Amino acid sequence: MARKTMIAGNWKMNCLSADGIELAKGIASEVKSMGKPECEFLVCPPFTLLSSVKKALRGAKVALGAQDAHFNVKGAHTGDISPEMLKDIGCTYVILGHSERRADHKESNELINKKAIAANQAGLKTVICIGETLEERDSGKTIEVCTQQILGSVPDSATAANTVIAYEPVWAIGTGKTPTANDVEEVHAAVRKVLAKKLGKANANKMRILYGGSVKPSNAKEFLSLEDVDGALIGGASLKVADFIAIAKNAGF
Ligand code: PGA
């Protein structure tokens, strides 16, 4: 089953205007020089930079995504951004349920599910994040936790066309620590099985499952060559043009 590899950058709460524009321009120029890369590039800057990054990416095959969205179309929700607003500004993707939002904002599977439905209805594709904490891993609950997160956060209406899953062990994010390739493949294969039960085999076989957590140029090939790993969600290393591009190139793109 051919699944197009996704190389996605999650900029988190980083970059002021000048840095963000420079980063986006650098990525755009590198991607243009790759000709027709067989992978799909995505960058997810903070809300404040979406508009200027969109301009900086002009002409390059790099999709734009946001890092969160509300589940309502509009209304009295001070400080929030709706999926329609993101679509309007040129986003095609939105990350939902990142572990930092699950932790910092107590986002539940139920809330993420509602957000995903709203995002899809607005015409956005979602990148829904799951992953266990170190404590959960140490007590042997990795697959169980990921299963519950998939069942709870991924809406029944999800399809391979409107949804991407990102498996990110919480303890591997920003720490330089990573699971072994075998561990990653085991979780991804288990996640695909759960997706097959929930959404049907055809959707599950086509749905991309990214790995995230301390992905860098030196380990990109190891993870991206695994059968059930269909790309990477990259935090720290996505803030440097050379590293972000080297992750794709080292993986053979
Ligand atoms: P990291 O972050 O690459 O800095 O570990 C990944 C993520 O949180 O998406």
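This structure is a prediction, so every number in the text was calculated from the model and none was measured. Order of appearance sets the numbers: ligands from 1, and atoms from 1 within every ligand.
Interface of G213 with ligand 1, defined as ligand atoms under 4.0 Å from a residue heavy atom, comprises 5 (O). Annotation for ligand 1: atoms under 4.0 Å from non-hydrogen atoms of N10 are 9 (O). Atoms of ligand 1 lying under 4.0 Å from at least one heavy atom of G235, given by number and element, are 1 (P), 2 (O), 3 (O), 4 (O), 6 (C). Atoms of ligand 1 lying under 4.0 Å from any heavy atom of G174, numbered from 1 in the order shown and given with element: 1 (P), 4 (O), 5 (O). Residue-ligand proximity, S214 to ligand 1, at heavy-atom distances under 4.0 Å covers atoms 1 (P), 3 (O), 5 (O). Using a 4.0 Å cut-off to heavy atoms of H98, the atoms of ligand 1 that qualify are 7 (C), 8 (O), 9 (O). In summary, the atoms of ligand 1 found under 4.0 Å from a heavy atom of E168, numbered by their order in the structure, are 6 (C), 7 (C), 8 (O), 9 (O).
The backbone N or O of N205 lies less than 3.5 Å from a partner atom in the side chain of R3, making a donor-acceptor pair. The backbone N or O of T159 sits nowhere less than 3.5 Å from a side-chain atom of N203 that would complete a donor-acceptor pair. When atom types are taken as modelled, the side chain of R208 and the backbone of K4 share a donor-acceptor pair closer than 3.5 angstrom.
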Would you please test R137 and E132 for salt bridge (Lys or Arg N to Asp or Glu O under 4.0 Å) and show each step?
CA-CA 6 Å; R137 162 156 296 236; E132 82 287 358; 2.9 Å; yes
Given side-chain hydrogen bond (donor to acceptor under 3.5 Å, both in side chains), test Q149 with Y167 step by step and report yes or no.
CA-CA 10 Å; Q149 288 176 334; Y167 167 57; over 6 Å; no
Pair E100, K12 - check salt bridge (Lys or Arg N to Asp or Glu O under 4.0 Å), show working.
CA-CA 9 Å; E100 285 151 15; K12 308 192 181 185; 2.9 Å; yes
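In this structure, K115 is not positioned above the aromatic face of F71 in the sense of NZ or CZ being under 6.0 Å from the six-membered ring centre and within 45° of the axis.
The shell of residues lying under 4.0 angstrom from ligand 1, judged by heavy atoms, excludes K216. Close to ligand 1: A172, with a non-hydrogen atom less than 4.0 angstrom away. Residue A237 places every heavy atom at 4.0 Å or more from ligand 1.
The aromatic rings of Y211 and H188 lie tilted to each other, with the angle between the two planes from 30° to 60°.
Counting only N and O atoms by type, the side chains of E144 and T147 include no donor and acceptor under 3.5 Å apart.
Here I173 has heavy atoms under 4.0 Å from ligand 1 in both its backbone and its side chain. No part of A166 comes within 4.0 Å of ligand 1, judged by heavy-atom distances.
In this structure, atom 4 (O) of ligand 1 lies nearest to the protein heavy atom G236 N, 2.8 Å.
The shortest N or O to N or O distance between T175 and ligand 1 is not below 3.5 Å.
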